[in-house]
Amino acid sequence: MDLFQIKKAPTVYDAIVVGSGAGGGMAAYMLTKAGAKVLLLEAGGYFDPADPKYMTQLKWPYESPRRGASTTRAGGDFDAAWGGWEIEGEPYSSKPGGDFFWFRSRMLGGRTNHWGRISMRFGPDDFRRKTLSGIGDDWPITYDDMKPFYDRVDKLIGVFGSVENMHNEPDGHFLPPPKPRLHELMLKKAATGIGIPVIPSRLSILTQPINKERGQCFYCRQCNRGCSAYADFSSSSVLCIPAVKTGNLTLQNNAMVREVLTDAKTGLATGVSYVDTISMQEMSVYAKTVILGASTCESARLLLNSKSARFPNGLANSSGVVGKYLNDSTGASRSGFVPALMDRKRYNEDGVGGMHVFTPWWLDNSKLDFPRGYHIEYGGGMGMPGYGFGGGIENLNGKIPGRDGKMKPAGGYGAGLKDDMRRFYGAYVSMSGRGEPIPLESNYCEIDPNTVDKYGIPTLRFHYKWSDNEIKQAKHMQDTFEQIIEAMGGMPMGNKPGKEQNYGLAAPGRIIHEVGTVRMGNDPGKSALNKFQQAHDVKNLFVVDAAPFVTQGDKNVTWTILAASMRTSEYLIDQVKKKNI
Amino acid sequence: MKRRDTLKAISVASLGMAVGPVEAAVPEPPDTKPAVKLLPGRQKFEAERDAKLLASEKFFTPAELQTVTILGDIIIPADAKSGSASQAGVPAFIDFMMRDQPRSQTPMRGGLRWLDTKCVSRYGNLFAKCTKEQQIDMVEQIAYPGKKVPSDLTQGVAFFTMMRNFVMGGFYTSKMGIDDLGYVGNTPNKWEGVPEDVLKQYGLSYDEPKK
Ligand SMILES: Cc1cc2nc3c(=O)[nH]c(=O)nc-3n(C[C@H](O)[C@H](O)[C@H](O)COP(=O)(O)OP(=O)(O)OC[C@H]3O[C@@H](n4cnc5c(N)ncnc54)[C@H](O)[C@@H]3O)c2cc1C
Ligand code: SF4
């Protein structure tokens, strides 16, 4: 076989979808359900959380020789993420002083197999921040355009939560939320006491069955391992596998797309070329429509790498905006020790694979020195010990009086240390702020002029710097965390990060909510896509991950990826019916 | 020489035995190791790596292993509720971690050596050969990172802290350690909220205060 003899597939599909995560999975699902013949190309391998071959759910730490340490994957041995911050043979780089960290999963379902299942809609204000505050940009669509799709995603996939009637935290079609755990009740009491709201979280986990294909949550707290009962949302189990079952989907795993192919005369997309990551065979495949859902940065990379005489700046990039306005959530955290929780009664409080309560943004930015809000996610409880458990005990046990009321020196050994571990178990809380940044043109990804990956595909180079807006927001987070921990009679742990550490503000990319690199907008001179996520320059080319998003709100973005991809898919079906495409 | 043989040669050499070039000429004995059981869902490179590591030579020399075992059981001794670190298989876990994350090898091997040198100068014996009292006397000098210690002991404090962390991590992720803590989850459950008696104990309830 001559690998450089590019094989051309004879079939012309109705659509090719690149990437099987939240965005690509939804497009493949919607289109195949509507009867279209779709080819789904996924760079990673096949994954089904219900197949024992892949199942790590309900395994014990000692079933891993490294007790689940993160030696070969960022989330540890049990985590359902094939990939992480670094992937062998698939490098990326950053310009000096502009570091960005890029988390990728290479598998059916992408990063939705192990994501946090925090499933929040954007609110009406999140689509029009420029109008409201004077900085940033508005979306070309409003909450009313998205609402019907959020509603349908809620019903199709399932999400629990509570009706709160808060203006910018719109309610959805909620399943019953699980009751708060003990530390969550304490957090709620403490925080509400100082004017910070705490409400049931909104996670895409089935606390009640919603159909015959998927089971109900059995409260193992391990959604990040993928649920064998399909009781949480993964694109693999909830969208891709059902799409395969329609008979209309051709799923091609281990297919790393290189570029989008275009017709030099019409300027339309004709298909894509990819390399089979196992055989290294080069392939070209053809379709009437091409839909990119390879994730925010990868979709930008694909467009920038799809250069031709007609599209010298890359595809859909006559505006030059592709790659720019990359933005990730801000993030900062703190943990605390809660003496009142020492010597707790033991019982199974695993609950769902995430927090049962959270704090939505509750303040008015016009009265603060930073322009955007954040929400707070909470952790704690009597969880299953994992790799590194008990590490750093010397930072705590010298600060807590022993059973005899006397202080003892930090660290130590022996029976007393064992007793400390029993007393302290489950007495910690942690909190993480996740906030909205202002997207900047100067934060971007571009093609690295010097580097290719192991398939010979030019790689990305990043440049990202936080502005004062984000740093001030992180400072506010730290102050808030301390107030909450103190209000619950707890002891904040570690040192409070100060100015020199940007108040603990996580490096760009670390929160893994990157959006914005293939902006949508009404002005083709300033945006790459129209309000249906359709390329201004190429009408049969769409992007359905978070690359089109103008901003990201103070909400985690995936629910919006799903709703927007559903909206784009319906638009495409409609356009095909009207013979516009 | 195949990679496995190289590893073998290194570890035999580190026992202080002379290894002549004849070693490589001796045919490998038939592989009698039982097939190792890997976790499900491993990527190809992970499965290959795990299998290789599990079959590879131990990191610790018998003498080092003995010291690690003694230290482990000083840190986590058996008590009325549960067994000791060595009874929970902690030394073998630490050995695996040295092979899995080689960056720990130097601090670990060097730290053990530091301990032996210190014991020889203080008590005239390697740590493992010291009396129980001497061993505890030594450990007492390096077990409390918050305390001021003479400048020739600070490295020992850092080593013991690292050792404590490895031992704790190993013990509390073993079945014995998990039972000791009283973790009772990781099994299908129905979460119906905090038990009544616990709510009462903390003066909490699920009823919303009237607005
Ligand atoms: C640990 C963690 C926790 C998270 N928690 C939350 C949360 O609680 N809430 C939330 O909203 N978000 C969360 N996220 C973010 C969330 O996972 C992403 O927003 C979401 O998965 C993005 O979907 P996507 O379809 O854009 O991309 P992905 O899910 O990344 O899927 C992209 C797919 O495309 C494939 N692909 C990439 N390049 C190519 C190519 N060239 N050819 C073919 N295929 C390709 C990839 O292999 C991958 O399968 C979390 C992420 C992580 C890592
Ligand atoms: S917590 Fe529930 S939904 Fe999540 S993996 Fe466990 S059983 Fe499945």
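Everything numeric here is computed off the predicted structure, so don't read it as measured data. Quick note on labels: first sequence line is chain A, next is B, and so on, each numbered from 1. Side chains are part of it too, since the values below use all heavy atoms of this structure and drop only hydrogens, waters and symmetry mates.
Counting all heavy atoms, side chain and backbone alike, A:Gly390 lies closest to B:Met168 at O-CE, 3.8 Å. When all heavy atoms of A:Pro52 and B:Pro40 are compared, the closest pair comes out as O-CB, 3.4 Å. Annotation for A:Pro61 and B:Ile178: closest pair CG-CD1, 3.6 Å, computed over non-hydrogen atoms. Of all non-hydrogen atoms in B:Leu181 and A:Met421, the two that sit nearest each other are CD2-O, 3.8 Å. For the pair B:Trp191 and A:Arg181, the tightest heavy-atom approach, listed with the atom from each and the gap, is CZ2-CA, 3.8 Å. Closest non-hydrogen pair, B:Gln101 versus A:Ala69, comes out as NE2-CB, 4.0 Å.
When heavy atoms are compared at a cutoff of 4.5 Å, B:Asp73 does not approach chain A at all. Only the side chain of A:Lys345 comes within less than 4.5 Å of a heavy atom of chain B; its backbone N, CA, C and O stay farther away. If you measure heavy-atom distances from B:Ser174 to chain A, the contacts under 4.5 Å come from both the backbone and the side chain. For A:Lys53, the part sitting under 4.5 Å from any heavy atom of chain B is the backbone (N, CA, C, O) and nothing else. The parts of B:Thr187 that come within reach of chain A are both its backbone and its side chain, each placing non-hydrogen atoms under 4.5 angstrom from that chain. For B:Ala78, the part lying under 4.5 angstrom from a heavy atom of chain A is the backbone only. At a 4.5 Å heavy-atom cutoff, the contact between A:Met384 and chain B is made by backbone and side-chain atoms alike. Proximity to chain A is limited to the side chain of B:Glu46, based on heavy atoms less than 4.5 angstrom apart. The part of B:Arg49 that comes within reach of chain A is its side chain, from C-beta onward, which places non-hydrogen atoms under 4.5 angstrom from that chain. Both the backbone and the side chain of B:Tyr172 have a heavy atom closer than 4.5 Å to some heavy atom of chain A. For B:Tyr183, the parts lying near chain A are the backbone and the side chain together; criterion is any non-hydrogen pair under 4.5 Å. Heavy atoms of A:Lys408 lying under 4.5 Å from chain B are absent altogether. In this structure, chain A has a heavy atom under 4.5 Å from the side chain of B:Leu204, while its backbone stays farther away. Neither the backbone nor the side chain of B:Ile142 comes within less than 4.5 Å of any heavy atom in chain A. For chain A, the nearby part of B:Lys147 is the side chain; its heavy atoms alone come within less than 4.5 Å. Both the backbone and the side chain of A:Arg344 come within less than 4.5 Å of a heavy atom of chain B. Contacts between A:Asp350 and chain B at a heavy-atom distance below 4.5 Å involve the side chain alone, from C-beta outward.
For the options B:Gly193, B:Ser84, B:Pro195, heavy-atom pairs under 4.5 Å to chain A are most numerous at B:Pro195. If you tally non-hydrogen atom pairs under 4.5 Å between each of A:Tyr387, A:Tyr347, A:Tyr425 and chain B, the highest count goes to A:Tyr347. Of the listed residues (B:Ile76, B:Leu199, B:Leu53, B:Asp79), the greatest number of heavy-atom pairs within a distance under 4.5 Å of chain A belongs to B:Asp79. Note: B:Asn186 leads B:Asp197, B:Asn186, B:Val184 in heavy-atom pairs under 4.5 Å with chain A. Ranked by non-hydrogen atom pairs under 4.5 Å with chain A, the options B:Pro145, B:Ala92, B:Ala85 are led by B:Pro145. Put simply, of B:Gly169, B:Ala143, B:Gly170, the one with the most heavy-atom pairs under 4.5 Å next to chain A is B:Ala143. Looking only at heavy-atom pairs under 4.5 Å with chain A, the residue among B:Asp180, B:Val198, B:Thr161 that has the most is B:Asp180.
Looking at heavy atoms from C-beta onward, B:Val194 lies out of side-chain contact with A:Glu349 at the 4.5 angstrom threshold. Residues B:Lys81 and A:Arg422 form a side-chain contact, since some pair of their non-hydrogen atoms from C-beta on lies under 4.5 Å apart. With a 4.5 Å cut-off on side-chain heavy atoms, A:Arg66 and B:Arg99 do not count as touching. Residues B:Phe45 and A:Glu88 are not in side-chain contact: their nearest non-hydrogen atoms beyond the backbone lie 4.5 Å or more apart. B:Lys175 is listed as a side-chain neighbour of A:Tyr62, based on a closest heavy-atom distance under 4.5 Å.
Close approach to chain A, defined as a heavy atom under 4.5 Å from one of its heavy atoms, is seen in no residue of residues 111-123 of chain B. The interface of residues 125-139 of chain B with chain A, defined by heavy-atom distances below 4.5 Å, comprises B:Ile136, B:Val139.
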I'd like to know whether A:Lys179 forms a side-chain contact (heavy atoms from CB on, under 4.5 Å) with B:Glu192, so could you lay out the CA-CA distance, the side-chain angles of the two residues, the decisive distance to 0.1 Å, and finally the verdict. CA-CA 7 Å; A:Lys179 286 184 175 171; B:Glu192 278 164 336; 5.8 Å; no

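Between the side chain of B:Arg164 and the backbone N or O of A:Tyr413, no donor-acceptor pair lies under 3.5 Å.
Side-chain N/O atoms of A:Glu394 and B:Tyr144 include no donor and acceptor closer than 3.5 Å.
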